[in-house]
Amino acid sequence: MIKIMLSSEFLECIAGGQKDFEDVELHYADLDGRRFEGLRFRNCRFYFVILRNCNFKNIVFEGCEFFFSSFGWSRFRNVEFRRCQLDYSGFGGAV
């Protein structure tokens, strides 16, 4: 069953130490400038999510969908996109 989360709820889960997210949907979330480390996303959906200027380290996205999501100017270290679908999403300026 898919669980729709607000960006505030999502960030609270991360701050609380949650590392694994499965069957989660984020809609219209602005996560600009955040640091994400040691997380795993499985069968998650990111619709209209802003992930610009973020730092991603040791992250796995598996079977995830990204629709109109922006990763521009973000930094990636040891990040995997396994069997993910990225539609109308951008990585301009990402390293």
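Count residues from 1 along the sequence.
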What is the minimum heavy-atom distance between [X] and [Y], and which atoms define it?
X     : Y     : answer
Ser70 : Arg52 : OG-CG, 3.1 Å
Cys54 : Ser74 : N-OG, 3.0 Å
Met5  : Cys13 : CE-SG, 3.5 Å

Close side-chain approach of [X] and [Y], heavy atoms under 4.5 Å:
X     : Y     : value
Lys19 : Arg40 : no
Ile14 : Arg34 : no
Ile59 : Phe76 : no
Phe67 : Gln85 : no

[atom1]-[atom2] distance between [X] and [Y], expressed to the nearest 0.5 angstrom:
X     : Y     : atom1 : atom2 : value
Arg45 : Cys84 : CZ    : SG    : 12.5 Å
Glu25 : Ile4  : CD    : CD1   : 5.0 Å
Glu62 : Glu80 : CD    : CD    : 9.0 Å
His27 : Leu6  : NE2   : CG    : 10.0 Å
Leu51 : Leu26 : CG    : CG    : 8.5 Å
Asn78 : Lys57 : CG    : NZ    : 9.0 Å

Flag yes if [X] and [Y] sit in one hydrophobic cluster, no otherwise; membership is Ile, Leu, Val, Met, Phe, Trp, Tyr, and two members link when side-chain heavy atoms are under 4.5 Å apart.
X     : Y     : value
Phe21 : Val79 : yes
Phe91 : Ile50 : no
Leu11 : Leu39 : yes
Leu86 : Val24 : yes
Phe56 : Phe10 : yes

Subject >> Over 12 foreign heavy atoms within 6.0 Å of CZ, Arg82 >> reply: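 Yes, because the 6.0 Å sphere around CZ of Arg82 holds more than 12 heavy atoms from other groups.
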Original post:
What class does the angle between the rings of Phe61 and Phe71 fall in, given that below 30° is parallel, 30 to 60° is tilted and above 60° is perpendicular?
Top reply: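 Aromatic pair Phe61/Phe71 classed perpendicular.
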Subject >> ring pair (Phe, Tyr, Trp, His ring centres under 6.0 Å), paired with Phe46, selected from Phe68, Phe81, Phe66 >> reply: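 Single pass found, and it is Phe66.
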